[in-house]
Amino acid sequence: MSEGTEEAVPGYRYTAQLANGIEKRWQDYWESNGTYHAPNPVGPLKGDVPEDKLFVQDMFPYPSGAGLHVGHPLGYIGTDVFARYHRMNGRNVLHTMGFDAFGLPAEQYAVRTGQHPRKTTEDNIANYLRQLRALGLGHDDRRRIATIDPGYYRWTQWIFLQIFNSWYDTRIRKARPIDELVAEFASGERATPNGHMWDDLTPAEREDVLREYRLAYLSDAPVNWVPGLGTVISNEEVTADGKSERGNFPVFRKNLRQWMMRITAYADRLIDDLDRLDWPEKVKSMQRNWIGRSHGARITFTVGNEGIEVFTTRPDTVFGATYVVVAPEHPLVDAIATERWPSTVDKRWTGGADTPAEAIAAYRLAASMKSELDRQENKEKTGVFTGAFAENPVNGKKIPVFVADYVLMGYGTGAIMAVPGQDQRDWDFAKMFGLDIIRTVQPTEGFEGEAFTGEGPAINSGFLDGMDVDEAKKTIIAWLEEHGCGRGTIQYKLRDWLFSRQRYWGEPFPIVYDEHGTAIAVPEEMLPVELPEVDDYSPRTYDPMDADTEPLPPLSRADDWVEVELDLGEGKKTYRRDTNTMPNWAGSCWYQLRYVDPTDTERFCEPENEQYWLGPRPAEHGANDPGGVDLYIGGVEHAVLHLLYARFWQKVLFDLGHVSGDEPYRRLFNQGYVQAYAYKDSRDVFVPAEEVEERDGKFFWNGEEVFRQYGKMGKTERNVVTPDEMCERYGADTFRFYEMSMGPMDVSRPWATKDVIGAHRFLQRLWRNVIDEDTGAVVVTDAQPDEETLRALHKAIAGVHEDYANLRYNTAGAKLIELNNHLTKHYGPGKSPRAVVEPMVLMLAPLCPHVAEELWTKLGHEGSLAHGPFPAADERYLVDDTVEYPIQVNGKVRARITVPADASREQVHDLAMADDKVTALINGATPKKVIVVPGRLVNIVL
RNA sequence: GCCCCCGUAGCCCAACAGGCAGAGGCGAGCCCCUUAAAAGGGUUUGAGUGCCGGUUCGAAUCCGGUCGGGGGCACCA
């Protein structure tokens with residue numbers, strides 16, 4: 001490179017190099033001055049706290065080895081801009097970021113390399129912190145946490161014990177300490193399940209009773225076992241096609257003793273409280289859907305000496321039940337199946353078998369071999385007759401009982417009454433097997449479909465005839481209850497949360513087992529139960545298809561750790577530790593509470609601090625305010641996992657009196673994704689996106705045509721762009737400005753490196769309006785800005801205020817560009833009035849904090865602008881003296897008039913009618929109508 | 001199959017509560033600076049809002065339908 005190249009660029013031009021210097025300097029300044037430290041009311045972080053506070057939170061990241069790409073910081077910068085804006089307006093703003101650092105990738109990396117997962121994870125965190133710092137995020141670094149820190153997971157374990165040691169009192173719809181339940185049993189106020197006196201039960205027997213109540217409990221129910229991963233997973237982690245979300249392995253239902261969380265106890269509150277949250281409708285509806293509350297009835301159909309209880313959401317259609325279906329796994333199937341077929345049996349019903357027992361056995365076998373996917377893809381109805389008939393309790397009609405796999409054992413009672421007239425699935429089955437169809441709801445006029453699921457009057461339904469669906473439901477439920485053959489009930493899709501995993505890199509359970517295998521809580525003062533050092537981090541994994549395998553957790557091999565001598569009140573005894581670990585979600589269920597009081601060693605969070613930052617504020621947010629983080633930004637992918645679990649924990653803690661609000665996140669916002677183009681060659685292999693050239697709408701790499709696709713940014717796709725590169729090429733402020741100006745926060749958009757230059761040029765132009773590029777001197781004038789400029793300034797202030805407050809950073813940025821362009825055009829470089837430049841710099845600060853700080857200092861101000869002032873708009877300059885009205889004639893603009901802003905409607909009308917072009921068009925006729933919209937336009941209708 | 005969101009200039013996006021379709025950026029054209037170049041400056045250019053219909057004095061905006069894209073759920077009784 002020749003020396004001449006350098007000469008061309010003025011010494012004080014805002015180049016990437018200059019920006020990088022400024023950025024580094026301000027990052028150091030902020031750090032050493034604790035600029036973003038937010039004081040707490042009490043405790044180690046105590047300080048003067050203004051009443052006006054704001055808690056902004058990002059969904060914290062898992063620190064992956066790949067580091068951040070340009071998509072990740074979109075939300076982080078978004079929260080930062082919001083936080084900075086409010087901080088400049090005088091609020092006490094809590095904004096920080098920690099790490100959700102337990103998890104599979106670190107463990108798998110450890111398995112491959114023998115490197116301790118803590119080492120890899122901490123290295124990755126260090127790299128993340130370096131990247132985050134370079135972006136100039138205004139985090140309170142005293143509040144950083146990582147879920148893997150023993151000082152953090154001590155409290156995760158503590159909360160687990162709170163949940164373990166409590167039960168849900170359905171009478172008051174609230175969790176209570178388990179001791180209070182024990183007291184009820186002991187006093188006889190509540191009877192034990194087998195009728196024995198509480199005092200007569202052994203400790204193990206008592207524990208068996210309590211297990212049915214505890215909100216965290218051991219269960220032997222069927223769970224999702226993934227041999228390919230060597231662990232069990234929760235329902236929420238199983239994809240729609242029955243695979244594991246991670247690894248995409250087959251999932252098998254298997255009975256295993258596992259930890260469960262009784263989240264179902266909270267189903268109603270989790271649904272009902274959604275109405276009190278300022279969340280995207282989409283997320284709310286996903287949660288409603290997942291919890292799946294449906295109102296209906298359970299009705300008993302007698303079959304010989306047995307009674308089959310069915311669940312239905314349409315008890316009003318019971319007169320139209322023409323058969324009953326039970327799931328293949330239903331426990332009553334064998335009891336009700338008859339010895340042989342009735343003589344008149346329909347051939348289609350027998351599955352070709354000689355007896356019902358044979359038919360059922362063959363059908364069950366076939367059903368069990370079907371994968372989840374088969375069941376879903378092949379919706380052709382199948383089933384066999386049991387030989388038995390059930391009696392419909394409302395009319396005594398005998399109807400056949402079938403076994404069919406379109407009824408699932410896991411939902412409702414595993415049995416249904418089939419009403420083909422009003423249910424399409426039943427219709428399909430009835431057609432296939434030649435069963436009766438009775439309509440019990442009058443279809444609407446002209447209805448041509450099969451099953452009718454709409455509203456209408458009841459028909460063929462005895463005493464229900466003529467009633468609408470709602471009334472018929474109420475009436476029949478009352479009838480059923482009166483006659484003792486059914487009752488109204490509510491059914492949920494939500495299942496209890498499977499809470500244990502067979503992994504190494506997670507929180508150990510603070511539980512030990514005595515010689516009877518009874519689970520005992522580790523006393524609080526012995527927390528945290530730390531992870532032991534092991535030689536082998538891997539769980540035993542198996543052939544992904546091999547369902548007949550058992551989980552073998554890595555911790556179970558740490559013999560010295562598993563066996564532990566403790567004195568738990570009975571003298572020193574040997575106990576065995578629980579060898580499972582908690583799922584990845586545990587640490588993120590409560591981290592907002594720890595951000596509030598990160599260094600507290602006595603409690604997970606002091607009540608004063610919790611109330612200040614997270615407590616309900618009815619005065620501000622209405623009487624129903626649940627409290628919680630003021631703004632929580634993250635992707636929509638956690639809609640039913642993290643966000644449901646966190647709400648559940650919060651409610652338990654609230655019930656037990658540990659927190660003052662019953663929701664963790666008052667306002668949720670889903671940011672969009674930054675996506676990118678990727679290119680594949682003719683062999684379907686990705687090529688480096690950066691090296692692809694576009695010619696005439698086609699794409700080429702190394703002279704060969706390649707094909708473009710749009711999607712996520714990733715290593716595999718070879719299209720990753722990192723913030724590091726952007727900072728190096730343009731500086732962090734340019735990167736921030738560009739990323740925020742790509743579009744509104746909630747919209748996904750394609751990354752376009754070539755567009756970044758626009759943001760950079762803007763900052764260069766703005767810089768040039770303040771600083772002489774050759775000398776570095778400040779060049780603003782002290783002249784009074786003219787009227788027009790003041791109007792432009794105050795209009796910008798008003799607009800930018802509103803845009804920042806509503807997360808419309810793209811338009812805020814545009815207004816700043818507009819204002820700067822006005823200065824350039826109006827005054828020329830270096831001649832802008834200080835009175836306009838200063839507020840402009842302040843308004844720029846939330847988006848581009850480094851360059852704003854630098855200019856603010858150069859303009860002669862001491863210290864940081866992080867805490868304001870933020871300019872306020874002067875109303876006087878927001879209204880114009882005159883307004884230009886377009887005059888429409890029959891909706892088309894034909895003329896324009898300029899009138900004083902305070903002209904009355906009549907004056908505008910008269911002036912418009914007097915306009916030459918208008919009079920020419922009207923040509924003496926009387927208009928039918930003249931519409932004057934004040935401040936907008938005039939429309940003359942001829 | 002059911003439910004939700006989105007379609008504005010070559011591209012990314014604006015347009016308050018129906019009122020002149022354009023704020024901003026990229027690109028493109030032209031000019032200036034430059035030996036040259038561009039991560040410099042200036043200036044110009046742009047679509048009638050996917051499509052059809054309705055309501056209205058007036059529709060990108062409201063309503064109905066349709067096409068295209070994205071997402072969620074999916075035999076949940």
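The chains referred to below are lettered A, B, ... by the order of the sequence lines, with proteins before strands, and numbering in each begins at 1.
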Hey, does A/V747 reach any base, or is it just sugar-phosphate, or nothing, if we go heavy atoms under 4.0 Å? sugar-phosphate
Given B/A77, B/G71, B/C57, identify the nucleotide with an atom nearest to the side chain of A/V941. B/C57
Considering only the C1' atoms, how many Å lie between B/G10 and B/G53, rounded to the nearest integer? 30 Å
When you check the side-chain N and O atoms of A/R439 and A/Q422, is any donor under 3.5 Å from an acceptor? no
Options B/C57, B/C13, B/A39, nucleotide nearest the side-chain atoms of A/I931: B/C57
Salt bridge or not for A/E329 and A/R364, using N-O below 4.0 Å? no
Rounded to the Å, how far apart are A/Y677 OH and B/G69 P? 15 Å
With heavy atoms under 4.0 Å as the rule, sort A/T15 into base, sugar-phosphate or nothing. nothing
Report the nucleotide, chosen from B/G25, B/C20, B/A77, that has the shortest atom-to-atom distance to any side-chain atom of A/F311. B/A77
When both distances are under 3.5 Å in a Watson-Crick or G-U wobble arrangement, the nucleotide paired with B/C33 is none
What's A/I416 touching, base or sugar-phosphate or nothing? Going by heavy atoms closer than 4.0 Å. base
The answer to which of A/G292 and A/M742 contacts RNA chain B further toward the 5' end, by nearest nucleotide, is A/M742
Please report the distance, rounded to the nearest Å, between CD in A/Q888 and P in B/A21. 7 Å
B/G24 and B/U44, which share atom name P, separated by this distance in whole Å: 11 Å
Say we look at B/G68 and B/C30: how far apart would their C1' atoms be, to the nearest angstrom? 38 Å
Please report the distance separating the P of B/U49 from the corresponding atom of B/A37, rounded so that it comes out in whole Å. 42 Å
When we call it a touch if two heavy atoms are under 4.0 Å apart, what does A/T312 touch: a base, just sugar-phosphate, or nothing? sugar-phosphate
So, under a plain 3.5 Å distance rule, would you say the side chain of A/R749 forms a donor-acceptor pair with the base of B/C13? no
In whole Å, I'd like the distance from the CG atom of A/L766 to the P atom of B/G25. 13 Å
To the nearest Å, how far apart are A/E818 CD and B/A15 P? 13 Å
Any side-chain N or O of A/N289 below 4.0 angstrom from OP1/OP2 of B/G72? no
Interatomic distance, A/Y730 OH vs B/A38 C1' [rounded to whole Å]: 11 Å
Please give, in whole Å, the distance from B/C11 C1' to A/Y710 OH? 12 Å
Watson-Crick/G-U partner (both atom distances under 3.5 Å) of B/G18: none
Yes or no on side-chain hydrogen bond (donor to acceptor under 3.5 Å, both in side chains) for A/Y673 and A/E637, after CA distance, side-chain angles and deciding distance? CA-CA 11 Å; A/Y673 298 105; A/E637 70 272 16; 2.4 Å; yes
Exercise: identify the closest heavy-atom pair between A/T317 and A/V419: OG1-CG2, 3.5 Å
Check ion pair A/R736-A/E23 (N to O, under 4.0 angstrom): no
With rounding to whole Å, what would you report as the distance between B/G18 and B/C73 at their P atoms? 34 Å
Partner nucleotide of B/A74 by Watson-Crick or wobble geometry (both distances under 3.5 Å): none
Just checking A/K282: base, sugar-phosphate only, or nothing, at a heavy-atom cut-off of under 4.0 Å? sugar-phosphate
Please report the distance separating the P of B/G7 from the corresponding atom of B/C51, rounded so that it comes out in whole Å. 13 Å
From CG of A/D428 across to P of B/G1 the rounded distance in Å is 14 Å
Which whole number of Å gives the distance between the C1' atom of B/C4 and that of B/U8? 22 Å
A/L408 has a side chain; which of B/A39, B/C20, B/A77 sits nearest to it? B/A77
According to the interplanar angle, ranging from 0 to 90°, do the rings of A/F429 and A/F402 count as parallel (below 30°), tilted (30 to 60°) or perpendicular (above 60°)? perpendicular
Heavy atoms from C-beta onward define the side chain here; which of B/A77, B/G24, B/G19 lies closest to that of A/L937? B/G19
Charged N to carboxylate O below 4.0 Å: is that the case for A/K282 and A/D746? no
Just the rounded figure in Å: distance from C1' of B/A23 to CZ of A/F762. 13 Å
Can a cation-pi geometry be assigned to A/R293 and A/Y492, taking NZ or CZ under 6.0 Å from the six-membered ring centre and within 45° of the ring axis? no
Taking the P atom of each, how far is B/A21 from B/G27, in whole Å? 29 Å
Does A/D316 come within less than 4.0 Å of A/R314, counting only side-chain N to carboxylate O? yes
Would you kindly check whether a donor in the side chain of A/N939 faces an acceptor in the base of B/C57, or vice versa, at under 3.5 angstrom? yes
Look at A/S294 and B/A77 and indicate whether a side-chain polar atom (N or O) is within less than 4.0 Å of OP1 or OP2. yes
May I ask you to check whether A/Y406 and A/D428 show a side-chain donor-acceptor distance below 3.5 Å? no
Any strand, both distances under 3.5 Å, Watson-Crick or G-U wobble: B/A28 pairs with B/U44
Per A/Y406 side chain, nearest of listed nucleotides B/A39, B/G25, B/C75: B/C75
Given B/C75, B/G72, B/C57, the nucleotide with the shortest approach to the side chain of A/M286: B/G72
Comparing A/S748 and A/N821 on RNA chain B - which has the more 5′ nearest nucleotide: A/S748
Once hydrogens and angles are ignored, does a donor-acceptor distance under 3.5 Å link the base of B/C75 to the side chain of A/K381? yes
Shorter than 3.5 Å, N or O on both sides, protein versus nucleotides 40-46 of chain B: list them out with atom names.
{"unit_1": "B/G40", "atom_1": "OP1", "unit_2": "A/R761", "atom_2": "NE", "d": "2.4"}
{"unit_1": "B/G40", "atom_1": "O4'", "unit_2": "A/R13", "atom_2": "NH1", "d": "3.4"}
{"unit_1": "B/G40", "atom_1": "O2'", "unit_2": "A/R13", "atom_2": "NH2", "d": "3.4"}

What I want to find out is whether A/K815 reaches A/D803 closely enough, with some N-O distance under 4.0 Å, to be called a salt bridge. yes
